[in-house]
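For reference, the structure discussed in these notes is given below.
In what follows, chains carry the letters A, B, and so on, assigned in the order in which the sequence lines appear, proteins first and then strands, with residues in each chain numbered from 1.
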Amino acid sequence: MRLSRRDFLELVLAAGAAGGAGLPRRGLAEAPKGRDWQGIPEGFYDTPPKGNVHLLHFSDIHGQLKPVYFREPNVNLGLHDFRGKPPLLVGEALLEHYRLERWRPQAHAFTYLDFEAAAEAYGRVGGAAHLATAVRRMRAERPGALLLDSGDTWHGSGPALWSEGQAMADFQKRLGVDACTGHWEFIYGDRRVEELVAELEGAGTEFLAQNVLDRDWLEPIFKGYTLHERNGVPVAVVGQAFPFTPIANPRYKIPQWTMGHRLDRLQQQVDQARQEGAQVVVLLSHAGMLTDMAYARRLRGVDVILGGHTHDPVPAPEVVEDAEGGRTLVANSGSNGKFLSVLDLEVRNGRVRDFHYRNLPIFADALPPDAEMQSLVEAAYAPYQERLSEVVGEVDGLLYRRGNFNGTFDEILARALLEGRDAEVAFTPGFRWGPSVLPGPVTFEDVMAQTCSTYSETTRTELTGEQIRAVLEDVANSIFNPDPLLHRGGDMVRTAGLRYAIDPTRKMGERISDLEIGGEPVDPKRKYVVASWADVQQPQDGPQAWDVLAEYFRSRGTVHVDRPYVPTLKGVDRSNPGLERLA
Amino acid sequence: MENAHTDERRRRILKGAMAASGVGAAVGLGLLAPRRALAAWHEESIMARSVDKGLKAYLGTTEFERSDGVVIDAPQVAENGSTVPVTVESSLPDVRSITLYVEENGAPMTSIYEFGPRGQPYVSQRIRMADTSKVVAVADSGGKLYWNSRKVRVTIGGCGG
């Protein structure tokens with residue numbers, strides 16, 4: 001995309017305005033329900049179409065067909081070159097950066113601020129039927145709009161897991177997704193993925209992944225890109241699956257597939273699409289927003305990157321310049337069905353001249369459910385409703401997961417593992433999926449949403465003190481690496497029984513210190529009993545994580561929600577815009 | 001014990017070479033001088049415990065310079081440390097051999113490839129890596145040694161958001 005400096009500034013301002021400041025300030029549709037939170041204004045979803053190419057985008061629904069709560073993090077650190085840069089902004093710093101007003105629906109959608117009260121005021125977010133209404137409305141105003149899904153759609157709820165992704169593929173078909181890519185999709189194994197991909201393709205939904213190749217012959221497994229002629233403009237969509245799937249998830253489920261960034265191949269796909277006449281090239285990515293921005297700097301000829309994986313919703317896209325001065329818009333739409341991005345492009349004389357973007361929060365109370373999608377959701381739940389509705393216990397505080405170091409739900413899960421598997425230390429992976437639960441009853445459905453996968457068996461093993469340290473170092477080296485191309489996503493592994501200090505700014509092998517187990521300094525040579533789950537190396541046969549967690553609730557009735565344990569943080573100043581209210 | 005270990009290593013190397021001939025485009029096409037490559041075992045180089053010792057034993061020198069004429073392609077992060085795909089090619093003239101090392105492996109030398117006069121200096125194989133390490137390739141170009149390296153990370157895995 002070629003824009004003058006002045007155009008560019010104007011566009012950024014326009015995008016900022018569209019993102020929030022331009023919303024009507026008076027004439028609220030209803031009285032505020034929360035303390036100071038303002039109601040959703042009339043016309044909140046009015047988005048007059050502009051331009052001639054329209055893209056609708058969502059990501060990381062993680063099987064959440066019904067509306068949920070999802071608290072954004074208060075710790076999402078940007079380090080080195082990325083300190084204070086999107087998407088690594090939280091709370092007030094995020095509002096300030098995007099000039100969003102506090103106490104408005106947007107402020108609630110994009111931040112953790114005053115979460116419980118705001119969640120009470122605005123209600124649940126997402127839900128297939130409510131998202132469908134938003135999509136239908138945007139499409140009616142934008143004939144020829146392309147609907148793109150960055151993946152992590154098939155996984156994350158009981159119905160998604162027990163139907164081996166079928167419930168979610170049905171959702172994608174009904175919604176009319178034009179193209180999608182994948183990551184957690186691959187946990188169902190190569191054969192099941194191929195089955196569902198064929199089914200989607202038959203319904204006009206393309207599964208695109210230029211970087212999934214045969215391990216021996218490096219031949220592509222899926223289509224790399226497709227060309228869509230929309231309103232007279234050829235638009236190419238190139239798919240990039242999560243590059244580290246065979247490392248971050250069980251390789252044995254997809255033994256013959258290899259991934260990686262494959263940037264040379266990606267560039268070839270872009271060039272080829274251009275040669276075939278594409279006037280707009282969109283990269284549909286599941287690499288994480290920081291990695292997407294690194295891609296934008298390296299690739300040539302990509303106009304837009306719409307991505308997911310790191311679950312970072314942005315109110316406005318980043319405009320990233322490549323080595324030759326070309327500009328790429330990069331946006332991530334967030335997770336759990338909470339957002340639908342609407343990107344209008346003005347394409348004239350074969351080039352993108354202007355853009356208008358909004359990342360619309362999907363407030364279930366403000367968008368009536370689409371009847372057809374609603375019945376699809378009910379059908380998907382029907383076989384499992386009884387099991388999912390079981391109230392396993394009650395909590396006296398907010399349960400949430402997201403955050404670099406810990407969340408209240410993971411605190412409970414780690415304790416449940418420690419107790420349930422009778423260990424000295426518990427590890428629970430820093431997954432970013434899993435909705436939040438307001439104080440009150442906790443259902444088996446909530447438990448499944450934190451733990452479900454095709455490899456959720458718990459483990460009980462012995463690790464030396466040195467091995468325990470190595471685990472922490474390895475994970476930290478992925479999350480906090482100065483090179484975004486080495487980020488595997490996820491947050492720091494959560495622990496129980498173990499305390500430590502971390503300096504995320506240091507190098508591999510130097511970040512973790514002051515380890516203590518049971519109040520004693522860790523002996524590097526001694527073996528400790530460690531409970532964990534979601535082992536990626538080989539199939540396990542321990543009790544499922546959801547059963548261990550559910551049993552923890554059942555055996556207690558009411559569970560007190562404490563401040564989650566977070567390691568001692570070193571080397572990061574308190575004014576980091578990705579850090580607020582660290583306990 | 002020592003012999004058993006050596007045999008096991010030989011078998012592994014042989015297996016590596018076989019895999020390479022299946023995978024690499026040019027390697028299996030008679031461009032490699034098979035008699036020399038497989039008959040001469042270069043026992044001392046293969047069993048050496050350091051890159052320098054391996055080179056010295058095989059080529060009689062450790063004097064070499066870095067060159068962009070040796071190009072290594074390997075993943076930044078290995079998907080599986082047991083089988084890391086690596087290709088080496090060289091644009092240098094008169095390449096007689098390419099040797100490949102994994103610096104942090106107990107016995108760093110993984111393979112020796114010798115080329116006939118019309119050989120294309122391109123090799124592709126899977127190597128086994130115990131830990132994150134530099135992968136080093138050394139090309140003998142007309143009697144002078146040139147090298148390049150690439151870091152490959154071996155990780156514990158898991159924890160993908």
Side-chain angles (χ1 to χ4, degrees), chain A residues 60 152 183-184 187 215-218 242-251 255 257-262 264 288 308-311 335 402 427-433 455 467 470-475 477-479 481 483 485-493 508-509 532 534-537, chain B residues 15-29 68 71-89 91 102-106 111 122-135 148-161:
Chain A
D60 297 278
D152 277 5
H183 166 203
W184 280 85
I187 68 167
R215 185 166 293 282
D216 289 328
W217 308 105
L218 301 183
F242 176 50
F244 293 112
T245 307
I247 295 170
N249 304 82
R251 191 172 53 241
W257 295 355
T258 183
M259 301 190 194
H261 298 298
R262 310 275 169 191
D264 290 346
H309 181 52
T310 41
H311 296 193
S335 66
R402 200 51 252 281
F427 280 143
T428 178
F431 294 131
R432 293 189 175 196
W433 41 269
Y455 58 104
Q467 286 171 320
V471 169
L472 297 174
E473 285 283 359
D474 191 74
V475 180
N477 193 43
S478 153
I479 303 162
N481 203 292
D483 182 357
L485 293 186
L486 294 174
H487 289 188
R488 299 202 298 267
D491 284 309
M492 197 61 198
V493 58
M508 175 67 181
S532 188
D535 178 53
V536 300
Q537 304 300 338
Chain B
K15 231 172 132 186
M18 307 272 277
S21 68
V23 174
V27 179
L29 302 176
D68 291 339
V71 179
I72 304 173
D73 188 18
Q76 251 189 321
V77 184
E79 289 181 359
N80 179 358
S82 307
T83 57
V84 182
V86 177
T87 64
V88 184
E89 63 187 312
S91 54
V102 177
E103 227 174 50
E104 300 295 325
N105 277 4
S111 37
Y122 174 91
V123 301
S124 171
Q125 76 166 95
R126 302 293 168 100
I127 57 177
R128 192 176 184 121
M129 298 183 61
D131 207 343
T132 295
S133 173
K134 267 186 193 163
V135 172
N148 214 336
S149 73
R150 201 179 154 105
K151 187 173 176 180
V152 175
R153 292 162 180 79
V154 175
T155 156
I156 297 168
C159 291

*Evaluate side chain to side chain donor-acceptor pair (under 3.5 Å) for B:T83 paired with A:R215, printing each intermediate quantity in order.*
CA-CA 10 Å; B:T83 57; A:R215 185 166 293 282; 5.2 Å; no
Heavy-atom distance under 4.5 Å to chain B: side chain of [X], backbone, both or neither?
{"X": "A:T245", "answer": "neither"}
{"X": "A:D535", "answer": "neither"}
{"X": "A:M508", "answer": "neither"}
{"X": "A:L486", "answer": "side chain"}

*asked:* Please tell me whether A:H261 and A:F242 form a close aromatic pair, meaning their ring centres lie under 6.0 Å apart.
replied: no
*Inter-residue atom distance A:D60.CG - A:W433.CH2, 0.5 Å rounding*: 12.0 Å
_Residues B:R153, A:D474: salt bridge by 4.0 Å N-O rule_ = no
